[in-house]
Structure formats: structure tokens, C-alpha cells
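On a predicted model such as this, the values are computed, not experimentally measured, just so you know. Read the numbers this way: they start at 1 and go in the same order the structure lists the ligands and their atoms.
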Amino acid sequence: MSDSHVPEHLPRPVFDGVAPESALVDGWARRIESLRISVTDRCNFRCVYCIPEQDIEWLPKGELATLEELARITRVAVGCGVKKLRVTGGEPLLRKNLPNLIREVAKLPGLEDLALTTNGTELPRLAGALRAAGLERVNVSLDSLDPATFAKLAQRDALADVLAGIDAAEAAGLVPISVNCVVLRGVNDGEAVAFARFARERGFEVRFIEFMPLEHGQRWGTNALVPGHELRARVEQVFPLRPAPDQDPHAPSRDWVFADGAPGRMGFIDSVTAPFCASCNRIRLTADGKLRTCLFSLREHDLLGPMRAGLSDAELADRLRAAVTTKELKHHISDGLFVKPERTMSQIGG
Ligand code: SAM
Ligand code: SF4
């Protein structure tokens, strides 16, 4: 974007505190304001839709961005207009000294929303320290309320640990809590109403996520996928819903509240059957410092290598802006042009 018509003695125009020439704007005029950073590719679960059970090759430690490097990239991105930060992984709570990163980024002027996505098992140990460091909220992944189904999906018998983690997050004030649930047909799709009841009883937002083709094996397919509208219909047979009045237009989730005014809400992330690419304002950073402009990108933009070779902050901002111009218009899951990325969700950072 050019503001060359502005005489030099006048202040440059700004929008939301960021000068147009600094902002991250893609080739389709979408303004990028949301960054997801992965702090590790490691995980203590083996969710069947996310990570391979065998032959996992973790990134060597030296290839991981340090917490200081992640904080620096975040600071530069926030300077370019990023307002929303999600910390993820792998399992982000396995990253040593994570509260130090949270403390650094929480104080960045311009950052309006700071949250973390976790499987919850380490929350009893870390929720207090994360809250004290400035974390605002957590999204906890929980695919089943039944111990046996949970173990089948996570390949770990850990439902009680995750529920304890949710309690710990609530006690520490990491609220409102969102619960993420990936639904697979024939496995946990019978739990839609049970999850709605859980949302109402606890005052949580439960978000059903459509299964996306980012797993290691060949499990994904239209037989395994449960469309969000089907789950909503099942919930509405028992608990009528109405659209949430405060829907964020850039959020991947379409949110609903209970028509009877009960607490809690339901979200539907229908990435496959109702893609939200047109309003996507998100970029991602992998744990080894590669920028991805889409979850399904086939190319990555290395930031860490050039940073270690001496890039200045201004040059780093230039790289961010250049990478963002290549952001894909949309994913191609349903139009036959789809090519599965090499890295799985756990390696990209979900
Ligand atoms: N380990 C943390 C967790 O599970 O919340 C953070 C990383 S995980 C990759 C982030 C989110 O991606 C989780 O909610 C997970 O359920 C979701 N996810 C992983 N693989 C997926 C897939 N193939 N389709 C849809 N969602 C997926
Ligand atoms: Fe681990 Fe999260 Fe992937 Fe499950 S979804 S394997 S908890 S990274």
C-alpha cells in the first residue's frame, strides 16, 4: 500500500496504531492480525488424527527457536499490526520455561489477546505460573467425556488428567475456557449432546472442529468427517441455539448461545464443509521458526535461519510483509486440487 500522496511534513496515516506501510496485508487485501506460534513439536499424547504413533522424529533441540527468538518474532509481528497471539504445539506446556515467553509477549503494547491451546495435562502444574506471567485464557482439547473413547482418540488413558487440568485453569482464572473437540464419525460423534450439557453446566464454550486432512496416515476421508451442521442439529434437538450476538467475523468458529439463556456456548469450526478462508487473518510460526501463511501451505518462509545470520528487526519485518503477500486465497480440500502438506498438525502447530 502506498501513501506517497501524503506530503512529508504531515504525519503518515495510521490505522489502529499501525502505519499502512508497516501492516501485514496479503495479496487479496486481507489484513493479518492473528499469529499462532508453535513452541514445540513434541507431545505426550498420540491423537489419532494428529500425530503418528511410531517413527516420530522430533525436531533436534538446536533447530528449535529459542524462547527469546520466538519473543522477538512476536514483538516484530505485533509492531506490524498483529493483535492476537495463540501459543500452541505439539503440546506447548512441555516446553521448558514457557512462562518466560508468556511474560515477554504479554507486555507488548498492541497485543490485545493472548491465549494458549493445550491438551491440559500439565495445567495442574503450570496454570498458576502462566496466569501470573500474563496469559489470559486457555483452549483445552477434549475429544470425549467417556474414558474409553478418550483413550481411543488420544491413545492415552488421560481423561481424568485433562479434567483436572481444566479445573486448575479455572481456579487460576484462565477464563473463559474453551474446549476443543475434534469429531470422528463412529468414534465420538454420539457425544454432541453430552458436550452441550457440559458447556451449560460449566459455562464453557465447547467448539466442535471438523476433522482436517493433516494427519499422518490415511484416516481422513468423507466417511470419518462429521459436518458441523449435523452436530448442531443433534444439539438443537435437545438444547435450541441462537447465533451468538458477539460473533467475531475473523474467528474460525461460528458461535451459538443457548436459546433458554443458560450459560456456556457452542462453536462450530467447519473448516472443510464451510471454509472461512475469505475472512482468514491468520499466519503461523512453526517451532523451528518457519512462517506458514496457511495451515495447508505447501511452502514455508524461514525466519530463524536469517535471524541467526544477523537480520535486523526492520529486515525481519520486511520478511514478514513479503511472506504475507504470498498468502493462499483458500484451501482446496473439497475441490480436487488439494495436496496434503508434508508436516502433520502437531508439527505445524494447530
Ligand atoms: N496439543 C495441544 C492440543 O491438543 O490442544 C495443541 C496443539 S493441537 C495440534 C491444536 C488443535 O488442533 C487441537 O485442538 C487438536 O484437536 C486440533 N487438531 C489436530 N489435528 C487435527 C486434525 N487433523 N483436524 C482437526 N483438528 C486437529
Ligand atoms: Fe498432541 Fe494436541 Fe496433536 Fe493431540 S492434538 S497429538 S495433544 S498435539
Under a 4.0 Å threshold between the charged nitrogen and the carboxylate oxygen, would Arg75 count as salt-bridged to Glu104? no
Among protein heavy atoms, which lies nearest atom 1 (Fe) of ligand 2, and at what distance? Cys43 SG, 2.2 Å
Does an N or O anywhere in Met212 fall below 3.5 Å from an N or O of ligand 1? yes
Distance under 4.0 Å to a non-hydrogen atom of Thr88: what atoms of ligand 1 satisfy this? 6 (C), 7 (C)
Number the atoms of ligand 1 from 1 as they appear, then name those within less than 4.0 Å of a heavy atom of Phe211, with their elements. 23 (N), 24 (N)
Any ion pair linking Asp113 and Arg137 (charged N to carboxylate O, less than 4.0 Å)? yes
Charged N-O contact under 4.0 Å between Glu230 and Arg185: yes
Show the atoms of ligand 2 that are less than 4.0 angstrom away from any heavy atom in Gly90. 8 (S)
Numbered in order shown, the ligand 1 atoms found under 4.0 Å of a heavy atom of Glu91 are 1 (N), 2 (C)
Examine the proximity of ligand 1 to Val182 and report which part, side chain or backbone, both or neither, has a heavy atom under 4.0 Å away. side chain
List the closest protein heavy-atom neighbour of atom 3 (Fe) of ligand 2: residue, atom name, distance to the nearest 0.1 Å. Cys50 SG, 2.4 Å
Ring-plane angle category for Phe208 and Phe268, please: parallel below 30°, perpendicular beyond 60°, tilted otherwise. tilted
With a 4.5 Å heavy-atom cut-off, do Trp256 and Val235 have their side chains touching? no
Any salt bridge linking Arg232 with Asp270? Criterion: basic side-chain nitrogen under 4.0 Å from a carboxylate oxygen. no
Against heavy atoms of Asn119, which atoms of ligand 2 measure under 4.0 Å? 7 (S)
If you count every heavy atom of other residues, nucleotides or ligands that lies below 6.0 Å from Asp157 atom CG, does the total exceed 12? no
With a 4.0 Å cut-off on heavy atoms, is Gly90 touching ligand 1? yes
Near Asn119 (heavy-atom distance under 4.0 Å), the atoms of ligand 1 are 2 (C), 3 (C), 5 (O)
Residue portion contacting ligand 1 (non-hydrogen atoms closer than 4.0 Å) for Thr118: backbone
Check this for me, if you would: do Lys152 and Asp143 make a salt bridge, where the nitrogen-to-carboxylate-oxygen distance has to be below 4.0 angstrom? no
State whether the number of non-hydrogen atoms from other residues, nucleotides or ligands found under 6.0 Å of Trp28 atom CH2 is greater than 12. no
Looking at atom 6 (S) of ligand 2, what's its closest protein heavy atom, distance included? Cys47 N, 3.3 Å
Distance-only N or O hit between ligand 1 and Tyr49, under 3.5 Å: yes
With heavy-atom distances below 4.0 Å as the criterion, list the atoms of ligand 1 near Ser141. 3 (C), 4 (O), 5 (O), 13 (C), 14 (O)
Subset of ligand 1 atoms that lie under 4.0 Å from at least one heavy atom of Gly89: 7 (C), 9 (C)
Any salt bridge linking Asp313 with Arg72? Criterion: basic side-chain nitrogen under 4.0 Å from a carboxylate oxygen. yes
Flag Ser346 as yes when one of its N or O atoms lies below 3.5 Å from any N or O atom of ligand 1, and as no otherwise. no
Just checking Arg299: does its CZ atom have more than 12 heavy atoms from other residues, nucleotides or ligands closer to it than 6.0 angstrom? no
